[in-house]
Structures are given as structure tokens and as C-alpha cells.
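What follows is a set of notes on a single structure, which appears directly below.
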Amino acid sequence: LLELGKTFDPKSAEEHWFQRWIDLGYFKADPSRLGPVFSIVIPPPNVTGQLHLGHALNVTLHDVIVRTRRMQGYNTLWQPGTDHAGIATQNVVERELAKEGKSRHDLGREAFVARVWQWRETYGGRILNQLRRLGASCDWSRERFTLDPGLSRAVTEIFVRLYREGLIYRALSLINWCPRCETALSDLEVDHKETPGYLWYIRYPLADGSGAVTVATTRPETMLGDTAVAVHPDDLRYKAMLGKKIALPLIEREIPIIADPDVDPAFGSGAVKITPGHDFNDFQMGRRHNLPQISVMDTHGRMNDEAGPYRGMTREDCRTRVVEDLTALGLLEKMEPHQHAVGVCSRCETVVEPTLSNQWFVRVKPLAEEALAAVRDGRTTFHPKRWENTYFSWMENVYDWCISRQLWWGHRIPAYWCERCGEMMVAAERPATCVKCGGGDLRQEEDVLDTWFSSALWPFSTLGWPAETPELERYYPTSLLITGFDIIFFWVARMMMMGLKCTGQVPFRDVYITPLVRDQFGKKMTKSRGNVVDPLQIMERYGTDAVRFTLAQLSVQGRDLILSDDRLAASRAFANKVWNAARFVLMNLEGAPQPLPAPAAAGLGLAERWILASLDGAIGEVSAAIDRYEFNLAALRAYSFIWHEFCDWYIELAKEPLKQDGERQAAARWVLVRCFDGLLRLLHPFMPFITEEIWQTLRPYLDEPGLAPHLAIAKFPVPQAQAVLGPDEAAAMERCIAATEAINSLRSLLGYHPGQRVEARIKFLGGDDAVAEFHAEFERWKPYAATMAKTASLGLAGPSDNTTGGMVTAVLGWCEVGVMAPEGFDFDRARSALRKKLDEVTAHHRQHQARLDNPDFVAKAAPEMQEQMQQRAQELAGQQDLLRKQLRLLEAS
RNA sequence: GGACGCAUAGCUCAGCCCGGUUAGAGCGCUUGCCUCACAUGCAAGAGGUCCCAGGUUCAAGUCCUGGUGCGUCCACCA
């Protein structure tokens, strides 16, 4: 006989069961298996990643749905893996090298990349191990990495395809440049930070000496790259100057004054300096007017030869010097404090420099159209739905995506140049010779691709695309994507575009956007705030099951998630409750046959049928909630069934029959096991470890054809088709519970010790015709109420009996409940309780009556509603009368 | 500058889509209990102008409009 210890030991259970599940191959996906499919890909964490609460939440929700679907018999695939995370990983290894006093340039490209691979071999699995500790039931045999040969082939393939279709191109353009990372960035990798600065007003003299124009700028140092000054065409102040030249101070160059309607005459001086080489607006305007583009900085953000005397200075130093020099020349008119948003590198916070550079781009618009349509027509649906607006607004306004990065760690762009004739070739395989001149000396593009380029292919590249694998055939499109809103643009949108482009199908049918995890003060968890909670630590403290349950329980759609110790402790207490209920059940199975024979339906008492019906209700509601991705409701419903229905009521009611021998005992045992089995299966997706541990001890008693050896692959429960509990019986149990609660409330009011037995009486208030029926019903639940309310005697009062002889009473809608007062009881307490109740009832009665007296209500409200109100008002009036009567009696005594 | 979200008990949140029982839960608090599964527990109790102002309706925590407060995202106006 298996036994359960006094307390649950999460740690050993977690290690033990996870290993068993893996060893037995339960999480392995088999594309050849028939049946409905559920597939999902993990958002690949960065190889450099450390488990944080966002991951923990994400993985928990994945696992809840994956385990549910697996148990429901779906052919289930949860695809795991990691992302090579270009900049992040390269930075980590570069920092490591820096400690040795070296840079990546000391090693050279090949050796550096080898070093990063080495780092990845050593540390890259860490994050996945952490996910495993959470119980993630991925098919770990299918782990993928975005730089794996297979996935790299997919990257090359799609790159070449898009290039040939003209959707990828190479061009000299203004891009976001991080001078610290020394690479181009996409728009998305630039954060905008509100920064206090100045607006400098600089006087630009006209070349013919006939005056000057004052321009306002936040970046005086870029004047060295100015190629025009622009004013609004209708601005009378400047009309006469149009076409004239300006002698650009500090750097001897003449630039034109041009007119452009984009200039806002009301801002600054109404004249704006145009620097196409260092400003996105100016770049656009420069193109319209065919202005030259001058780059005045190098890749480190230092001034270059074009900056003349300022060559070699940093951007910041140059700004200071330029302002000083202008002041000295008397050309600085004034400076005003000015708040503006400065673009910074999302990786290192360095101020981004818009820079002219040769880069590779994806033409996004044509791809976006299909991706927009797919969500509009419902091929893919977001949950909650409102995130679709976010998706739409971004998709509708996309610019071309800069995909080249000047890094070493990543997918090297498959473009080759002929060293002899300069011809460029884009091809999946390195060409042997130049297609144009036949030269054999080819040089591959140095740049690598944006990490998100390969991430965009994840849902199908992991399944073997472009090969037509059984996996791709079976599991694509995937069923669901679970991720945070912060990467809707980075990842979700791009997967949609690439998925549709490459496969003609959406990559996933549903997208569930998780809430954002915050600390107990409601603040976003960030490293800089220092409020990051380490999930591994709380898993140590509360147990993984409790952490998972808490996260699921707090996953409300469309809201942030605030994790608090209180909630975690409550979940741990819940795990403990389940554990102890299991101990109770097992303890009472001693000597029972294995498996337990099912009792005859007639052998089941009211309580047995009631709890079985409740279980079915809970099963239905939990399943439905999971189907709707309402994880919080699913968790809460399971919780309330287990604690408040099964433990609070059925376990207590089972104690008596369990003490008997024979049929009643056998029936109670069977019901206990059946319910427990059902609730463990229901709870397993949320709390896999404790449920498996308990289920193993229960398993020998189960009688099910083809019973699974482990809960992880057991069948998810479904409600029984035939109702086991009639509506009259359900109502009977409701009355039993209500009467019990009323008696307990009176016990407490009367100051009885919890263990003390009391005299109690119930007086039915229904009509005379219903009395006999009620008496029959009462006989059925009387023992339950007697047990739960610890009565010495529980009787019925006749219609004319006065319940109040020495008793204190409470009034329910359908009955009066009386409990004998102990000797020397101070009736003042009872009187004030009665008065309070009377006040409440009176207030409500008045509300109802007012409504009934309203002629509009009578004229317009639905007849059923009126009848309902009528009834309720009558009931309340009746209660009022009784309460008044009792109050009088009490006052008399 | 646009857009979105949230506001219900001391705290953290359900309920609102689809208007109608005396608005719920967990934690915390108060009172009494180590009652033979569980003190990580049991029983009882206190605690709520459902942010404000209008509107729609016979009826509003629930629907609409405006406001306030908090939070978030997007944005190449110097």
C-alpha cells in the first residue's frame, strides 16, 4: 500500500516526476498519430536568458493548455528551443573577453564566433533547464536553436526568395545606428526617452551679406552637415530670401534656402536647418529637393573629415565646441530649455545616431497587407481581442525593415561580391564563380541578419520548412501562440507576414496575449528598479505547483498581474489542503479491494449523488474556461470545488458511512476515489507534481479500461452525460446547506463551544400542501445537517408549534431555524442580532415594494420579472413579520 | 501629438460582453476552537456612496457621454 507522508515535499516530487515523464517519452509528439492536433511553439527565450516571472507566467499558461489538450487526447506538440539573440549574446561574450583584456577584433571573426558557440554550449541550456523546473511539458527531444543548420537553411532560403521577388533590397539609406554596438538597428530597437535639452537659435548669415536667417535646432553639432535651410513657402518673413544662399558658419560652405510645406512656421524661428545625413525628417526633405547628404560622423559617433576642424571629437564634445564657437562669433542668438524624445539603443541605452549607410531592407508593405487581412477575416484571432487594434495600427503604418546588422553572431547574409568585377550575387549556396565575369574570387557579405528575421520563421522553420516534413504537414499552422504584448510588433506581426509569405497559411490560429507581471506595488519589474523577483526563489519557498497555480489564477485577460506573497501562500495552503484530503481518502481505503467495485446506483445516497454532480459541474466549467483561455476562472473554479464542495462538505459527510461496514462504506469509498480522481485530473494541468504524486497512490483503486500508468497522460475528465442528481435533490441539498449554516451561525451567536452538541429545530414555512413533501425531504438530509451543525437533536416544528420556547431563531426564506439557548445566556445579544437582521430585511423589502408601486414598472417590465419581484417582496414581508414577532417574544422573556 | 487600459471591501482581484436575487473570492482583521485529513486548519463575524458628474432605461456596479486619477504603448517636427 502506497502511503503519503504527513506533508508534501515539493522538491523531491518535482525532480522525480519530471524525470519519469521524460524517460517515458510522454511529451513526445508523433506526427503519424491520428486524431485532432494541438500544436504550439514556445517563444524561444534568448540563450543568454535567465528565468524571470514573465517566462514563468508564459510557460505556466503554455503548460496548462498543453497538458489539458494532451490529456484530452489531442496529438500534441509543444515545440521548445532558444533564440541566438544576436546583439545580446555577442555583448555577453564581448564582456567576457573584455575581462581578459581582449576585444572581438583581437580574435577575428572566425575565432570569435567559435568562442560564442563555446559559450552557448556551456551556458545556453540554462534557461531551458529553468523552464523544465517549472514542469514545462515540451517535446524536449525536438529542441531547436535559431542558428541550427536546419533553421539557418530556412533563413537563407527565404532571404534568397524575397530578394529575387524584390522584397529584399540593399540600399544606401538613413538608418538608426548605435555607435556603441556599432551596428544598424531597426526602428523597433530604438526606444524614445524624454530628455531635457535646449533649443539653440543660430544665426546663419546670407552669402551676399544682405542679412541672416535664424534657425532653431536641438542638435547644433549637426550643422556641420547642413545642406540647406528650409522655410514654409507662404512664410512672408522669408519669402524674399528664397533662392538665396547661406554661408554656413564654422565650415565654409554655401547652402540654399528652400521652401517646403512641411516646415512649421510657428515652431522656433520658422526656419529649419536641413541635415539629410543625420535626421530622418531632413533626409526625406533632402530627397524631395535633391540635396546632397553629408555624413559628419564615423561609426563610433566621432566627427569625421567632413567636420573639418572638429574632426576626431565625440558628438558631445563637438556640440559644446560648436556652441562656444558660435557664441564667440556672435551667431548664437539664444537658447531655450526644450524637452524632447531622444532615440536610444534598446540594448545599451546609447543615443542612436541617424546615419547614412548601406544596409539590407525588407519591403514590408506588401507582406503586411496579407497579414492584416488574415486577422481582419479571422484566420487568426487575438485574445483579448483589443490587441488586434495594436497589431492593426502598427501594420498599417510600417516602414521598410532594416534587417542587416554589423555583428558577427548571427545568420550571415547570403550575398557575394566578385572581387574582380564587383558584381553582387545573392544565392543559397556560395557560387563557385562570378556569374558575370567568371572570376573565382568571391567575398561574402560581412553583415548578419536581425535576430528577429529568424524568429519570424520559428513556427515553421522548427518543423523542417522548406522541406515538406510530416511535422510541417501535421502541426502547421499551429493552434495557438502565447506571448506578451511587448513583442506583438517584433515577433507576432513578423511571424504573420513570413508565415503567410512562406507557407500561404497563418502561423497560428489564436494569439493569447499574457498580462504583464508587476511587483506588489504595481510597478513593472525591471533590472534598474531592482524589483525583479526570481521565480526560482519563490519556487523554492512555495513549491512549483503553488507558483504555477498562483500565476494561472491571476491571469486575467486584459489586466496586469500583481504577484504577492499572500497569494502564493494561499496557493501553498491549497496544495496542502489537497494533500491532506488525499491522506484522508487513503487512510479510509485500508483493506479496500483494488480496484474498487462500482456500487449500484441505488446504493448512492443524496450526498454521494450531489458531490458527483458537483464534480461534473466543475469539470464542465473548468474545461470551458480553459477553452476560452480564461485561466483565472478555470483555476478558481477548480479551487472552490475542491475546497468548498469536496473537502468542506463531502469529506465530512463521508465520515459516518466510512465507519460502517458494508454497502454504505463501499459506496462512500468509491465516491471519494472517483471524485478525487476527477479533481486530480482537473487540477493536473495547473499543479502537475502534487497531483501525479497523489494519483499514483490512488491509481490501484481505479477501475478504468486502459487506465494510463501516469496522470500526465491520463484522460482529462468529461462530465457524465446522464444527470445523477434530479433538480429536486439539488434543491434539497441547497436547503440542507442553508439550514446548516443558519444553525452554525446561531451556535456562534449563542456562544457554544465548537464541539458542543445543541438542540435545534426547523419549522417549514411553505404552504400546508407542501409540508408532507418537505418532511420526506428533510428525513433525507437531516443526518447531514445534524453532522455538520453538531446537533444533539434536530427536529421539525409543526405549523402551529412555537419554535421560540427558550430558543433563538433565524429566518430563511423557506423556514425558521431555532437553536436552544444555553443557560444564563444574555438575550441582549440575540436581540441586537435580530434587530440588525430586521433592519436589513426591511430595507430590502422597501426597495422591492417601491419598485412594485412604480406604475412604469408595472406597465413596462417583463411579466416574469414582475412576478419574480412580487414573490420576493412577499417573502421579505413574511420574514419581516416573523422577525418582529420573535423580537417581541424575546423582549417579553 | 495620437491611441489604449484600469478605477468594486484595508490589500490583491472576480462580476460588466448579454442591465433585474440582499455585489462575491483570497489574504488581512475580530471572536471562539489543537473537533480523530489538514492550525498551511475549522466555525462565526465585521468591513463596500461599486472614482466623480451627466445621460439612456420601468430598472445601471453593469450600457452611453464627459471629467478626474493611475498605468501603458505608439510618434522622424527641428
Side-chain angles (χ1 to χ4, degrees), chain A residues 4 6-8 174 176 187 192 199 215-219 230 262-264 267-269 271-275 279-284 338 340-341 343 354 384 386-387 389-390 393-394 397 399 485-486 488-489 516 518 520 522-524 546 553-554 556 558-567 569-588 632-633 636 639-640 644 647-648 651-652 655 741 744-749 751-756 789-790 840-841 843-845 847-848 851 854-862 864-866 868-869 872 876:
Chain A
L4 296 177
K6 183 115 172 90
T7 53
F8 174 57
L174 196 68
N176 296 294
D187 297 341
H192 294 273
L199 199 54
V215 298
T217 180
T218 54
R219 298 197 60 195
D262 266 13
V263 178
D264 175 5
F267 189 91
S269 61
V272 56
K273 60 193 259 332
I274 302 300
T275 323
D279 183 283
F280 287 98
N281 270 325
D282 295 2
F283 180 75
Q284 295 296 340
H338 183 73
H340 62 149
R386 69 181 158 87
W387 288 111
N389 293 328
T390 307
S393 67
W394 185 75
N397 300 294
Y399 292 84
F485 66 85
D486 49 333
I488 289 179
F489 308 144
L516 179 75
R518 297 168 175 278
Q520 57 260 64
K523 293 284 183 213
K524 196 169 166 176
Q553 192 192 22
L554 293 174
V556 180
R559 227 189 148 100
D560 296 336
L561 183 158
I562 296 185
L563 193 67
S564 65
D565 284 339
D566 283 351
R567 283 283 188 174
S571 296
R572 181 177 52 189
F574 176 52
N576 181 257
K577 188 77 179 174
V578 174
W579 184 258
N580 280 293
R583 288 178 58 222
F584 173 83
V585 172
L586 265 130
M587 205 172 275
N588 283 287
N632 62 319
L633 297 181
L636 286 168
Y639 177 100
S640 74
H644 298 304
C647 291
D648 283 357
I651 283 191
E652 293 306 322
K655 284 177 179 174
E741 284 169 353
N744 277 332
S745 187
L746 289 169
R747 290 176 56 102
S748 189
L749 175 71
Y752 281 108
H753 186 278
Q756 208 168 334
K790 297 208 174 58
E840 275 174 31
V841 171
H844 291 130
H845 178 254
Q847 265 175 30
H848 283 80
R851 196 172 281 185
N854 183 345
D856 284 333
F857 178 76
V858 178
K860 294 179 185 169
E864 312 87 68
M865 182 53 56
Q866 299 201 31
Q868 216 180 90
M869 284 291 168
R872 212 172 294 144
L876 287 166

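For the numbers below, each heavy atom of this structure counts, side chains included, while hydrogens, waters and symmetry mates do not. The chains referred to below are lettered A, B, ... by the order of the sequence lines, with proteins before strands, and numbering in each begins at 1.
When both pairing distances are held under 3.5 Å, G69(B) makes a Watson-Crick or G-U pair with C6(B). The base-pairing partner of G54(B), taking Watson-Crick or G-U wobble contacts with both distances under 3.5 Å, is C64(B). Nucleotide C74(B) forms a Watson-Crick or G-U wobble pair with G1(B), both donor-acceptor distances falling under 3.5 Å. Base-pair partner of U21(B): not found among the strands shown (Watson-Crick or G-U wobble, both distances under 3.5 Å). For A43(B), the paired base is U31(B) (Watson-Crick or G-U wobble, both distances below 3.5 Å).
Base contact: Val263(A) has a heavy atom under 4.0 Å from a base atom. Residue contacts for Met865(A): at a heavy-atom cut-off of 4.0 Å it reaches a base atom on one of the strands shown. Within the nucleic acid shown, Leu749(A) has no heavy atom closer than 4.0 Å to any nucleic acid atom. Nucleic acid contact for Glu652(A): base, since at least one base atom lies under 4.0 Å from a heavy atom of the residue. Across all strands, Ala570(A) comes closer than 4.0 Å only to sugar-phosphate atoms, never to a base (heavy-atom distances).
Considering only side-chain atoms of Asp648(A), the nucleotide from A78(B), C42(B), C38(B) that sits closest is C42(B). Listed candidates were U40(B), C34(B), A37(B). Nearest to the side chain of Cys647(A) is A37(B). Side-chain proximity of Arg386(A) to C4(B), A78(B), C13(B): nearest is C4(B). Considering only the side chain of Asn576(A), U40(B) comes nearest among U40(B), C58(B), A37(B). For Asn281(A), counting side-chain heavy atoms from C-beta on, the closest listed nucleotide (C76(B), A25(B), U21(B)) is C76(B). Here C58(B) is the nucleotide among U40(B), A78(B), C58(B) with the atom lying nearest to any side-chain atom of Lys860(A). Out of A44(B), C38(B), G20(B), the shortest distance to the side chain of Ser748(A) is found at A44(B). Side-chain atoms of Asp264(A) lie closest to C77(B) of the nucleotides A44(B), C77(B), C42(B). Among U22(B), A37(B), G32(B), the nucleotide with an atom closest to any side-chain atom of Lys655(A) is A37(B). Residue Asn854(A) has its side chain nearest to C58(B) when only C58(B), A59(B), A78(B) are considered.
Of the C1' atoms belonging to G26(B) and G47(B), the separation is 15 Å, rounded to the nearest Å. For the P atom pair drawn from C76(B) and G2(B), the interatomic distance equals 16 Å after rounding to whole Å. The gap from the P atom of C50(B) to that of A7(B) amounts to 14 Å, rounded to the nearest Å. Across the P atoms, C70(B) and A25(B) are found 32 Å apart, a figure rounded to whole Å. Remark: the separation of the P atoms in G61(B) and G19(B) is 14 Å, to the nearest Å. For the C1' atom pair drawn from A59(B) and G45(B), the interatomic distance equals 33 Å after rounding to whole Å. Taking atom P on both C11(B) and C29(B), the two are 15 Å apart, rounded to the nearest angstrom. A distance of about 16 Å separates the C1' atoms of C58(B) and C63(B), rounded to the whole Å.
Rounded to an integer number of Å, the gap from CG of Asp856(A) to P of A59(B) is 7 Å. Taking atom CZ on Arg747(A) and atom P on C33(B), their separation rounds to 13 Å, with Å as the unit. The separation between Asn176(A) atom CG and A75(B) atom C1' is 13 Å, rounded to whole Å. In this entry the distance linking CZ of Arg583(A) with C1' of C36(B) reads 12 Å, nearest Å. Distance Leu516(A) CG to C73(B) C1': 12 Å, rounded to the nearest Å. For the pair Met869(A) CE and U21(B) C1', the interatomic distance rounds to 8 Å; values are reported in whole Å. Between Arg872(A) atom CZ and U22(B) atom P the separation is 5 Å, expressed in whole Å. Rounded to a whole Å, the CG atom of Asp566(A) is 13 Å from the C1' atom of C29(B).
Judged by closest nucleotide on RNA chain B, Leu554(A) is the one of Leu554(A) and Glu840(A) placed further toward the 5' end. Heavy-atom nearest nucleotides on RNA chain B were determined for Arg851(A) and for Phe489(A), and the one closer to the 5' end corresponds to Arg851(A).
Considering only side-chain N and O atoms, His845(A) lies nowhere under 4.0 angstrom from the phosphate OP1 or OP2 of U22(B). Distances shown here put a side-chain N or O of His848(A) below 4.0 Å from the OP1 or OP2 atom of U22(B). The phosphate of C77(B) (OP1 or OP2) has no side-chain N or O of Lys273(A) nearer than 4.0 angstrom. For the pair Lys6(A) and C38(B), the criterion of a side-chain N or O lying under 4.0 Å from OP1 or OP2 is met. Taking side-chain N and O atoms only, Ser393(A) has no distance below 4.0 Å to OP1 or OP2 of G2(B). For His644(A), no side-chain nitrogen or oxygen approaches OP1 or OP2 of G24(B) to under 4.0 Å. A sub-4.0 Å separation between OP1 or OP2 of A43(B) and a side-chain N or O of Lys790(A) is absent.
Checking side-chain atoms of Arg747(A) against main-chain N and O of Ala789(A) turns up a donor-acceptor pair under 3.5 Å. Between the side chain of Ser393(A) and the main chain of Asn389(A), a donor-acceptor pair closer than 3.5 Å is present.
Side-chain contact, Arg583(A) with Asn580(A): a donor N or O sits under 3.5 Å from an acceptor N or O. Of the N and O atoms on the side chains of Arg872(A) and Gln868(A), at least one donor lies less than 3.5 Å from an acceptor on the other residue.
Taking the six-membered ring where the residue is Trp, Tyr639(A) and Phe574(A) present tilted rings, their angle falling between 30° and 60°. Between Phe8(A) and Trp579(A), the angle of the ring planes lies from 30° to 60°, which puts this pair in the tilted group.
Taking both residues in full, the closest heavy atoms of Ser571(A) and Ala546(A) are given as CB-O, 3.4 Å, listed atom of the first, atom of the second, then distance. In terms of heavy-atom proximity, Val263(A) sits nearest to Ala230(A) at CG2-CB, 3.7 Å. Closest approach of Arg219(A) and Pro354(A) over heavy atoms only: NH1-CD, 4.1 Å.
Counting distance only, with no hydrogens placed and no angle test, the side-chain atoms of Gln847(A) and the base atoms of A59(B) include no donor-acceptor pair under 3.5 Å. For Tyr399(A) and C76(B), a side-chain-to-base donor-acceptor distance below 3.5 Å is present, hydrogens and geometry of angles not being considered. A donor-acceptor contact under 3.5 Å links the side chain of Arg567(A) to the base of U12(B).
The shortest distance between side-chain heavy atoms of Phe267(A) and Leu199(A) falls below 4.5 Å.
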